[in-house]
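Read through the structure below, which is laid out as structure tokens, and then see the notes.
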There are 2 protein chains.
Amino acid sequence: MNIGEASKASGISGKMIRYYESIGLIPSVGRTEAGYRTFSDKDIHTLRFIARARSLGFSVEQMSNLLALWRDSNRASSDVKAVAYAHIEELDSKIEKLIAMRQTLQHLAEHCHGDHRPSCPILGDLAGVPEPVGTPTTADV
Amino acid sequence: MNIGEASKASGISGKMIRYYESIGLIPSVGRTEAGYRTFSDKDIHTLRFIARARSLGFSVEQMSNLLALWRDSNRASSDVKAVAYAHIEELDSKIEKLIAMRQTLQHLAEHCHGDHRPSCPILGDLAGVPEPVGTPTTADV
DNA sequence: CTTGACCTTCCAACGATGGGAAGGTCTATG
DNA sequence: CATAGACCTTCCCATCGTTGGAAGGTCAAG
């Protein structure tokens with residue numbers, strides 16, 4: 001299997017496969033005499049593992065830990081669980097931040113006439129104009 | 001006002017102020033004879049606008065649009081609202097993705113014993129091992 | 001043998017930010 | 001007035017994950 005086929009089989013671009021190899025996330029794969037990379041079934045399996053982990057938002061560093069645990073048949077499941085929960089917490093904090101932004105923006109947008117007139121509470125808020133009563137700002141979120 | 005004071009007054013690091021100037025997000029500020037940047041009250045106002053927009057997750061490009069609208073006293077509030085809603089949609093799609101990741105991961109982690117034993121559904125899922133019945137995978141989210 | 005699809009390596013860019021070096025300026029104190 | 005230290009300047013580099021492209025080698029089909 002060359003890199004093109006490996007890419008199709010794993011869903012990871014050839015560019016990224018080379019990159020993952022270069023940073024040592026995956027071990028060096030085989031080469032033909034001409035220098036072409038050759039991928040074994042095991043390599044493909046690893047790449048698919050990576051693809052799945054990426055889709056769950058794990059960073060390269062976290063994937064490196066997960067791969068090490070995967071390869072270690074004696075790992076304790078608690079170690080894996082710890083990595084997973086650490087990532088869940090990261091996700092939670094990102095989600096919270098985004099929701100707070102969304103909420104503030106939604107509120108501002110709702111109070112914007114959205115017509116030809118120039119007056120707009122969105123710009124007002126950004127420019128630091130104090131809001132009228134009953135229209136909380138991000139500070140309240 | 002020099003860049004250090006401008007930084008304190010706006011909450012934007014000196015590094016970033018120089019960067020915003022270099023990419024044209026803010027107009028070139030004044031200089032002393034010695035080459036030090038000098039910031040007017042108007043410059044500070046603009047920087048604070050930017051700080052607030054950043055805290056709402058707007059990209060540099062979006063901020064550029066918002067600043068142009070802010071400076072245009074004849075803008076239609078609908079234009080501002082459109083930028084805001086476009087950003088809300090971006091936030092929504094990010095939030096959805098993160099929540100889906102979180103949900104899958106949470107589910108996997110809940111079914112992981114988390115003890116000394118090596119067996120772990122988290123690694124199992126990443127490695128593509130079919131899950132037992134009643135334990136949906138990301139595909140179901 | 002040629003063509004086109006593939007592969008290789010290397011270099012650069014994105015977006016937003018921080019780190020640091022090398023050098024100039026300003027201000028307060030001795 | 002000299003000097004220390006806090007500030008300023010520009011310039012380059014690193015991050016993270018990913019993509020793009022150039023220049024060149026290889027392979028398979030016609």
Side-chain angles (χ1 to χ4, degrees), chain A residues 1-26 28-40 43-44 47 49-67 86-87 90-91 93-94 97-98 101, chain B residues 1-26 28-40 43-44 47 49-67 86-87 90-91 93-94 97-98 101:
Chain A
M1 252 202 194
N2 62 22
I3 202 171
E5 293 166 319
S7 171
K8 275 178 204 153
S10 65
I12 299 178
S13 73
K15 284 272 184 191
M16 288 313 296
I17 294 175
R18 292 192 193 99
Y19 172 69
Y20 290 148
E21 190 188 9
S22 80
I23 62 173
L25 180 63
I26 59 173
S28 306
V29 300
R31 298 276 185 154
T32 66
E33 286 188 0
Y36 282 26
R37 285 176 182 79
T38 58
F39 295 81
S40 67
D43 292 329
I44 301 300
L47 288 174
F49 183 105
I50 290 171
R52 176 84 176 124
R54 284 298 296 143
S55 80
L56 290 176
F58 284 101
S59 69
V60 168
E61 195 183 354
Q62 286 169 321
M63 288 193 292
S64 184
N65 295 334
L66 289 172
L67 282 168
H87 184 41
E90 282 175 32
L91 291 174
S93 95
K94 283 186 192 173
K97 273 182 200 156
L98 292 175
M101 289 179 186
Chain B
M1 250 200 197
N2 62 24
I3 202 172
E5 293 166 320
S7 172
K8 276 178 203 153
S10 66
I12 300 177
S13 71
K15 283 273 185 190
M16 289 313 296
I17 294 175
R18 292 192 192 99
Y19 172 69
Y20 289 149
E21 189 188 8
S22 81
I23 62 171
L25 180 63
I26 59 173
S28 306
V29 300
R31 297 278 184 150
T32 66
E33 286 188 359
Y36 283 26
R37 285 176 183 78
T38 58
F39 294 80
S40 67
D43 292 329
I44 301 301
L47 287 175
F49 183 105
I50 289 171
R52 175 85 176 123
R54 284 301 294 144
S55 80
L56 290 175
F58 284 101
S59 68
V60 167
E61 196 183 355
Q62 287 169 320
M63 288 193 293
S64 184
N65 294 334
L66 289 172
L67 282 168
H87 185 40
E90 281 174 33
L91 291 174
S93 96
K94 282 185 193 174
K97 274 181 201 156
L98 292 175
M101 288 178 187

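What you are looking at is a predicted structure, and each value in this text was computed from that prediction instead of being measured. Side chains included, hydrogens not; waters and symmetry mates left out as well; all remaining heavy atoms used.
Side-chain N/O atoms of A/Tyr19 include none lying less than 4.0 angstrom from OP1 or OP2 on D/dC16. The shortest distance between the side-chain N/O atoms of A/Ser13 and the OP1/OP2 oxygens of D/dT19 is below 4.0 Å. Side-chain N/O atoms of B/Thr32 include none lying less than 4.0 angstrom from OP1 or OP2 on D/dC8. A close approach under 4.0 Å does not occur between any side-chain nitrogen or oxygen of B/Arg37 and OP1 or OP2 of D/dC7. For C/dG18, the OP1/OP2 oxygens have no side-chain nitrogen or oxygen of B/Arg18 closer than 4.0 Å.
Side chain of B/His87 to main chain of B/Gln62: no donor-acceptor pair is present (N/O by atom type, distance under 3.5 Å, no hydrogens or angles). Using modelled atom types, no side-chain atom of B/Thr38 and backbone atom of B/Met1 make a donor-acceptor pair closer than 3.5 Å.
Here C/dG18 presents its C1' atom at 15 Å from CD1 of B/Ile12, a figure rounded to the nearest Å. Rounded to whole angstrom, the span from the CD1 atom of A/Ile23 across to the C1' atom of C/dT9 amounts to 17 Å. Spacing between atom CZ of A/Phe39 and atom C1' of C/dT8 amounts to 12 Å, rounded to whole angstrom units. Distance CD1 (A/Ile3) to C1' (D/dC27): 16 Å, rounded to an integer number of Å. For the pair B/Lys15 NZ and D/dC11 P, the interatomic distance rounds to 12 Å; values are reported in whole Å. Atom pair A/Tyr36:OH and C/dC7:C1' shows a separation of 4 Å (rounding to whole Å applied). In this structure, CG of B/Asn2 is placed 11 Å from P of C/dC26, rounded to the nearest angstrom. If you measure from atom CD of B/Glu33 to atom P of D/dC8, you get 18 Å, rounded to the nearest angstrom.
Counting only heavy atoms from C-beta outward, the side chains of A/Thr32 and A/Asn2 never approach each other to under 4.5 Å.
Taking for each of A/Glu5 and B/Val60 the nucleotide of DNA chain C with the nearest heavy atom, the 5'-most of the two is the partner of A/Glu5.
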Which is it for B/Val29 and B/Ile3 under the side-chain contact (heavy atoms from CB on, under 4.5 Å) test, yes or no, and what are the steps along the way? CA-CA 10 Å; B/Val29 300; B/Ile3 202 172; over 6 Å; no
Evaluation steps, side-chain contact (heavy atoms from CB on, under 4.5 Å), between B/Phe49 and B/Leu66: CA-CA 9 Å; B/Phe49 183 105; B/Leu66 289 172; 4.0 Å; yes
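Considering only the side chain of B/Met16, C/dG18 comes nearest among C/dT8, D/dG17, C/dG18. Closest to the side chain of B/Ala34, from the set D/dG17, C/dC26, D/dC27, is C/dC26.
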